[in-house]
Number of protein chains: 2
Amino acid sequence: MKEFIRVMKAMSDPNRVRIVKLLQLKELCVCELQELLGLAQSTVSKHLKVLDEAGLLSNSRDGAWVIYAVTKSEDSAHINVLLQELRGWVDDDPVYVAMKRRLPFVDRVRISASCG
Amino acid sequence: MKEFIRVMKAMSDPNRVRIVKLLQLKELCVCELQELLGLAQSTVSKHLKVLDEAGLLSNSRDGAWVIYAVTKSEDSAHINVLLQELRGWVDDDPVYVAMKRRLPFVDRVRISASCG
DNA sequence: TTCACATATCGCCATATGCCGATATGATAA
DNA sequence: TTATCATATCGGCATATGGCGATATGTGAA
């Protein structure tokens, strides 16, 4: 029950849902999400923590950046069903649509790749 | 988005999840749910309103009782998927298991059927 | 080491949520 | 009609949540 509630609570906020849906399109670092969402960095970080603790996201470091992605592990089939269902459920949210449009133009400059 | 958030919020409370799962076994009136959940009547009523407004439940009158049931309408395929997923997801919650065991022994006396 | 950037955490505030008791509404029985 | 039962709504209280700015931590560049 606890796990289920954590997942539902995690998905109970529009900005968190938008984060998940953006990550379903492309893995992103915190600062990219911050720019897309237009929220304070601390707020984005807190949202990511909530999603992470619900088992919805995974993350990895790339230099100074932390790259977040939708979890791909097969250990929670239920979560995968929910994420799959989400794809077609909330595609018409205007705020999300606008973010999606801006997505290609938001990119970090990778320090580790910009030495040359 | 709004509808999705409403559904997620509705499913973000353990007692509401238990209500849905009990109703998946058998349609019930408010007083039966009240006894099973061990909550105040006003609290149960409020929970039912939240679930109802999320499109998860339907209700009908039977005399003085209001009988609640899980919605069966096909108009929201997403909700049906979620409800179906819920069946196998939260079956091990001890509180729910105890309620399930008590379910056969909790019943209203239907006024309209107890005249003879 | 020292600086700058990316991220995480902390403290605070406004609002939302879950609970209850009290009360209003709806329906049946007397 | 009046009394009673079932349900819904209201008001209040304690806690949870989402937002921000300030600050701490982690990483790479100089």
Side-chain angles (χ1 to χ4, degrees), chain A residues 1-2 5-19 27-54 57-69 95 106-116, chain B residues 1-2 5-19 27-54 57-69 95 106-116:
Chain A
M1 172 65 83
K2 254 194 198 171
I5 296 297
R6 249 199 304 269
V7 174
M8 292 296 113
K9 276 186 190 288
M11 300 296 279
S12 289
D13 178 83
N15 284 323
R16 281 200 293 268
V17 172
R18 287 170 194 136
I19 288 175
E27 53 179 38
L28 296 163
C29 72
V30 182
C31 58
E32 289 172 303
L33 286 167
Q34 181 186 350
E35 189 181 332
L36 286 166
L37 292 162
L39 294 173
Q41 183 267 321
S42 60
T43 304
V44 177
S45 195
K46 195 189 280 188
H47 279 322
L48 288 168
K49 188 179 183 182
V50 172
L51 290 166
D52 191 52
E53 287 178 346
L57 304 185
S58 62
N59 64 77
S60 60
R61 271 206 171 272
D62 175 12
W65 289 279
V66 177
I67 315 297
Y68 281 87
V95 182
V106 176
D107 206 11
R108 62 188 177 277
V109 181
R110 291 179 186 262
I111 295 175
S112 53
S114 67
C115 304
Chain B
M1 173 65 84
K2 254 194 199 172
I5 296 297
R6 248 199 304 269
V7 173
M8 291 297 112
K9 276 185 189 288
M11 300 296 279
S12 289
D13 177 81
N15 284 323
R16 282 201 291 269
V17 172
R18 286 169 195 136
I19 288 175
E27 52 180 36
L28 296 163
C29 70
V30 181
C31 59
E32 289 173 305
L33 286 167
Q34 180 186 349
E35 189 182 331
L36 286 165
L37 293 162
L39 295 172
Q41 183 266 321
S42 60
T43 304
V44 176
S45 194
K46 196 187 278 186
H47 279 322
L48 289 167
K49 188 179 182 181
V50 172
L51 290 166
D52 192 51
E53 288 178 347
L57 304 185
S58 62
N59 65 76
S60 58
R61 272 205 171 270
D62 175 12
W65 288 281
V66 175
I67 315 299
Y68 281 87
V95 183
V106 176
D107 207 9
R108 62 187 178 277
V109 181
R110 291 182 185 260
I111 294 175
S112 53
S114 68
C115 303

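In the text below, chain A, chain B and the rest are named by the order of the sequence lines, each starting its count at 1.
- Both A:Ser12 and A:Arg61 lie near DNA chain D, and the one whose nearest nucleotide falls closer to the 5' end is A:Ser12.
- Atom CD1 of A:Ile19 is separated from atom C1' of D:dG18 by 12 Å (rounded to the nearest Å).
- Across the interface with DNA chain C, nearest-nucleotide mapping of A:Cys31 and B:Asn15 shows A:Cys31 to be the residue nearer the 5′ end.
- Which of D:dA6, D:dA8, D:dG19 sits closest to the side chain of A:Leu39 comes down to D:dG19.
- A close approach under 4.0 Å does not occur between any side-chain nitrogen or oxygen of A:Arg16 and OP1 or OP2 of D:dT17.
- Taken to the nearest 0.5 Å, the CG atom of A:Leu39 stands 10.0 Å off from the CG atom of A:Leu33.
- As a whole-Å value, the separation of B:Leu48 CG from C:dG18 C1' is 14 Å.
- Which of C:dT9, D:dT7, C:dA6 sits closest to the side chain of B:Cys29 comes down to D:dT7.
- A sub-4.0 Å separation between OP1 or OP2 of C:dG18 and a side-chain N or O of B:Lys46 is absent.
- Atoms CE (B:Met8) and C1' (D:dA16) sit 19 Å apart, rounded to a whole Å.
- Considering only heavy atoms from C-beta on, A:Asn15 comes within 4.5 Å of A:Arg18 through its side chain.
- Atom CE in A:Met11 sits 10.5 Å away from atom OG in B:Ser12 (nearest 0.5 Å).
- One atom, CG of A:Leu51, and another, C1' of D:dT17, lie 14 Å apart when rounded to the nearest Å.
- The side-chain contact (heavy atoms from CB on, under 4.5 Å) test with A:Ile5 singles out one residue from A:Met8, A:Lys2, A:Lys9, and that residue is A:Lys9.
- Within the 4.5 Å cutoff, the side chain of B:Tyr68 has heavy atoms near those of the B:Val30 side chain.
- Taking the side chain as every heavy atom from C-beta outward, B:Asp107 and B:Glu32 approach each other to under 4.5 Å.
- Per the geometry, CD belonging to B:Glu53 stands 11 Å off P belonging to C:dT17, to the nearest Å.
- Between A:Asn59 and B:His47, it is A:Asn59 whose nearest contact on DNA chain C lies nearer the 5' terminus.
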Quick test: give all pairs of protein nitrogen or oxygen and nucleotides 21-23 of chain D nitrogen or oxygen below 3.5 Å, distance rounded to 0.1 Å.
unit_1, atom_1, unit_2, atom_2, d
D:dG21, N7, A:Ser42, OG, 3.4
D:dG21, O6, A:Ser42, OG, 2.9

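- Within the 4.0 Å cut-off from OP1 or OP2 of D:dA6, not a single side-chain nitrogen or oxygen of B:Tyr68 is found.
- Taking atom NZ on A:Lys9 and atom P on D:dT15, their separation rounds to 15 Å, with Å as the unit.
- Taken from CG in A:Asn59 to SG in A:Cys29, the straight-line distance is 12.0 Å, to the nearest 0.5 Å.
- Separating the CG atom of A:Leu33 from the C1' atom of C:dA6 is a distance of 13 Å, rounded to the nearest angstrom.
- If you check D:dG19, C:dT7, C:dC19 against the side chain of A:Asp13, the one that comes closest is D:dG19.
- Note: CH2 (B:Trp65) to P (D:dC5) measures 11 Å, nearest angstrom.
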